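Okay, handing you the structure first.
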Amino acid sequence: MSAKLPKPFLKWAGGKSQLINALEERLPPPIKNSRTIDVYVEPFVGGGAFFFYLKSNYKINKAYLLDTNKDLIVAYKVVQNEPYKLIDQLRLIEEKYLSLSGTEQEQFYYEIRSLYNTQRRADTDLIQRAAYMIFLNKTCYNGLYRLNRKGEFNTPYGRYKNPKICDAENILQASKALQDVEIVCADFEESRDYISKATLVYLDPPYRPISKTASFTNYTEDRFDDEEQIRLAKYFKEMHQRGAYILLSNSDPKNFDPNDDFFEKLYEGFIIERVPAKRCINSNAKARGPVMELIIRNYST
């Protein structure tokens with residue numbers, strides 16, 4: 001029996017698992033034809049669904065994964081370099097958690113959340129910190145990584161019946177996929193150092209909220225607002241001038257306001273397409289149905 005292909009080891013808001021086919025269909029012809037990516041750069045790696053898919057189905061000569069979320073990058077580096085120690089920690093947490101009653105499990109969740117926030121400030125024991133993050137991610141409400149303005153993880157307990165906390169096989173496969181990959185905690189603009197002609201760049205920033213009341217953009221202490229989206233568009237155009245292949249995904253504001261042409265104005269002159277997706281992270285179950293998302297690119301297929 002062949003080993004399973006790697007997949008994200010964390011749930012992540014706006015994760016791209018459901019958009020992979022649409023993204024792959026829009027890969028540059030030279031990459032689709034050769035099944036080879038010379039350099040791949042993902043400045044907002046998040047859960048890394050597209051990276052893990054490409055790594056399993058294409059030859060990537062060099063990859064650079066970036067994100068401003070320090071804890072996310074810590075988790076990636078621990079998976080990359082210390083997968084067995086991470087698995088040991090997760091197994092201990094999973095065994096403890098599953099031995100508890102429902103009320104005790106909730107109490108345990110909040111205990112770990114408090115320890116995690118303390119460790120984030122102390123910046124110690126990175127393996128345990130990554131294990132705590134994965135545990136919280138698998139047991140918190142909707143898998144949502146959310147920080148308050150104090151920089152504390154504050155997502156409430158999720159009440160799952162039997163969460164998979166320690167997926168040892170996937171952690172090992174993800175670790176294998178991450179070998180020889182450069183993982184960097186940095187702002188997206190710092191990825192310019194790795195980008196040149198024919199580099200494949202996938203931009204998956206925190207999404208612009210699809211309504212005036214929705215906001216899941218606070219994955220770090222700094223919010224990604226419209227000014228940041230404008231800064232990203234400027235960067236997109238700069239990398240376009242370098243000759244890079246650029247794919248960008250974002251929410252479609254026309255789901256809420258048909259007259260909102262924010263992205264049409266930002267990316268005028270580039271190819272803007274709408275594809276259906278299902279939003280899973282929403283407190284209102286009725287709002288989790290199909291919506292349109294944007295895929296923007298700077299090349300023809």
Side-chain angles (χ1 to χ4, degrees), residues 4 6-18 45-49 52 67 69-79 82-122 124-148 150-175 206 215-220 278-285 288:
K4 293 181 180 179
K7 59 185 180 182
F9 55 88
L10 290 167
K11 302 177 187 178
W12 209 249
K16 289 293 143 324
S17 295
Q18 60 183 316
V45 66
F52 285 119
D67 206 284
N69 186 312
K70 185 175 181 180
D71 282 6
L72 178 66
I73 294 302
V74 165
Y76 267 91
K77 289 186 175 181
V78 169
V79 169
E82 300 286 357
Y84 291 101
K85 290 182 180 178
L86 175 63
I87 289 167
D88 287 343
Q89 292 270 3
L90 285 171
R91 280 182 175 148
L92 290 173
I93 294 171
E94 183 177 65
E95 288 171 5
K96 173 67 174 176
Y97 179 81
L98 295 178
S99 72
L100 301 173
S101 67
T103 302
E104 291 171 331
Q105 286 180 343
E106 182 171 1
Q107 182 180 353
F108 182 72
Y109 171 86
Y110 286 109
E111 289 173 358
I112 296 296
R113 193 179 79 170
S114 178
L115 289 170
Y116 173 65
N117 282 323
T118 299
Q119 276 203 342
R120 292 188 75 247
R121 292 189 291 270
T124 58
D125 198 343
L126 300 185
I127 296 171
Q128 187 176 67
R129 186 166 149 194
Y132 283 169
M133 183 185 188
I134 292 171
F135 165 75
L136 293 169
N137 179 262
K138 302 297 186 182
T139 55
C140 73
Y141 179 73
N142 270 342
L144 177 63
Y145 189 92
R146 185 183 67 190
L147 301 180
N148 61 23
K150 295 180 181 179
E152 297 172 332
F153 179 80
N154 69 344
T155 310
Y157 182 57
R159 303 183 188 279
Y160 297 105
K161 288 185 177 180
N162 190 29
K164 182 79 169 178
I165 295 166
C166 181
D167 189 345
E169 182 178 6
N170 187 60
I171 287 172
L172 292 174
Q173 290 300 320
S175 180
S215 180
F216 296 109
T217 60
N218 48 333
Y219 309 136
T220 66
K278 185 176 180 180
R279 285 294 181 94
C280 295
I281 296 181
N282 195 304
S283 59
N284 181 358
R288 297 179 191 170

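The analysis underlying the following values was restricted to heavy atoms, covering all of them including side chains, and did not include hydrogens, waters or symmetry mates. Throughout, numbering of the chain's residues begins at 1 and tracks the sequence. Keep in mind that this is a model prediction, so the values were computed, not measured.
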### Message
Once rounded to the nearest 0.5 Å, what's the spacing between atom CG of Leu92 and atom NZ of Lys96?
### Response
11.5 Å
### Message
Please find the pair of heavy atoms, one from Lys11 and one from Gly143, that lie closest to each other, and give the distance.
### Response
CD-CA, 3.8 Å
### Message
How long is the straight-line distance from OG of Ser101 back to CZ of Phe108, given to the nearest 0.5 Å?
### Response
12.5 Å
### Query
Got a sec, which residues hit salt bridge (charged side-chain N to carboxylate O under 4.0 Å, His left out) with Asp167, two or more places apart in sequence or on another chain?
none
## Note on the structure
Sequence neighbours excluded, the answer for salt bridge (charged side-chain N to carboxylate O under 4.0 Å, His left out) partners of Arg159 is Glu106
### Query
What are the two closest heavy atoms between Gln89 and Ile127, and how far apart are they?
CG-CG2, 4.0 Å
### Message
One thing to verify: whether Arg121 and Glu152 come together as a salt bridge, which I'm taking to mean a side-chain N less than 4.0 angstrom from a carboxylate O.
### Response
yes
### Query
Do the side chain of Arg120 and the main chain of Lys70 share a donor and acceptor less than 3.5 angstrom apart?
no
### Task
Give the minimum heavy-atom separation between Phe9 and Ala174, together with the two atoms involved.
CD2-CB, 4.2 Å
### Task
State the CD-CD1 distance between Glu94 and Ile87, to the nearest 0.5 angstrom.
11.5 Å
### Query
If every non-hydrogen atom of Gly48 is compared with every non-hydrogen atom of Pro8, which pair is closest and at what distance?
C-CG, 4.3 Å
### Query
Is a side-chain donor or acceptor of Tyr76 paired with a backbone partner of Asp71 at a separation under 3.5 angstrom?
no
#### Entry: By side-chain contact (heavy atoms from CB on, under 4.5 Å) - contacts of Leu90 (at least two apart)
Leu86, Ala131, Ile134, Ile165, Cys166, Ile171
### Query
Has the side chain of Tyr145 got a donor or acceptor atom that lies under 3.5 Å from a matching backbone atom of Thr155?
no
### Query
Do Tyr109 and Tyr141 have ring centroids that are under 6.0 Å from one another?
no
### Message
For Gln105 versus Tyr97, what's the shortest heavy-atom pair and its separation?
### Response
NE2-O, 3.0 Å
### Task
Show your working on side-chain contact (heavy atoms from CB on, under 4.5 Å) between Phe153 and Arg146 and close with a plain yes or no.
CA-CA 6 Å; Phe153 179 80; Arg146 185 183 67 190; 5.6 Å; no
### Message
Could you check whether any side-chain heavy atom of Met133 comes within less than 4.5 Å of a side-chain heavy atom of Leu72, counting everything from C-beta outward?
### Response
yes
### Query
With no hydrogens and no angle check, is any side-chain donor or acceptor of Ser114 less than 3.5 Å from a backbone partner on Tyr110?
no
#### Entry: Tyr84 atom OH, over 12 foreign heavy atoms within 6.0 Å
no
### Message
If I take atom CG from residue Asn148 and atom CG from residue Asn117, how far apart are they, to the nearest 0.5 angstrom?
### Response
7.5 Å
### Task
Measure the spacing between OH of Tyr132 and CD of Glu111 and express it to the nearest 0.5 Å.
10.0 Å
### Query
What closest approach, in Å, do Pro83 and Ser175 show between heavy atoms, and which atom pair accounts for it?
CG-OG, 3.4 Å
### Query
Would a distance-only check, ignoring hydrogens and angles, find a side-chain to backbone donor-acceptor pair under 3.5 Å from Asn170 to Lys7?
yes
### Query
Can you check whether Asn69's main-chain N or O pairs, donor with acceptor, with Asp67's side chain at less than 3.5 Å?
yes
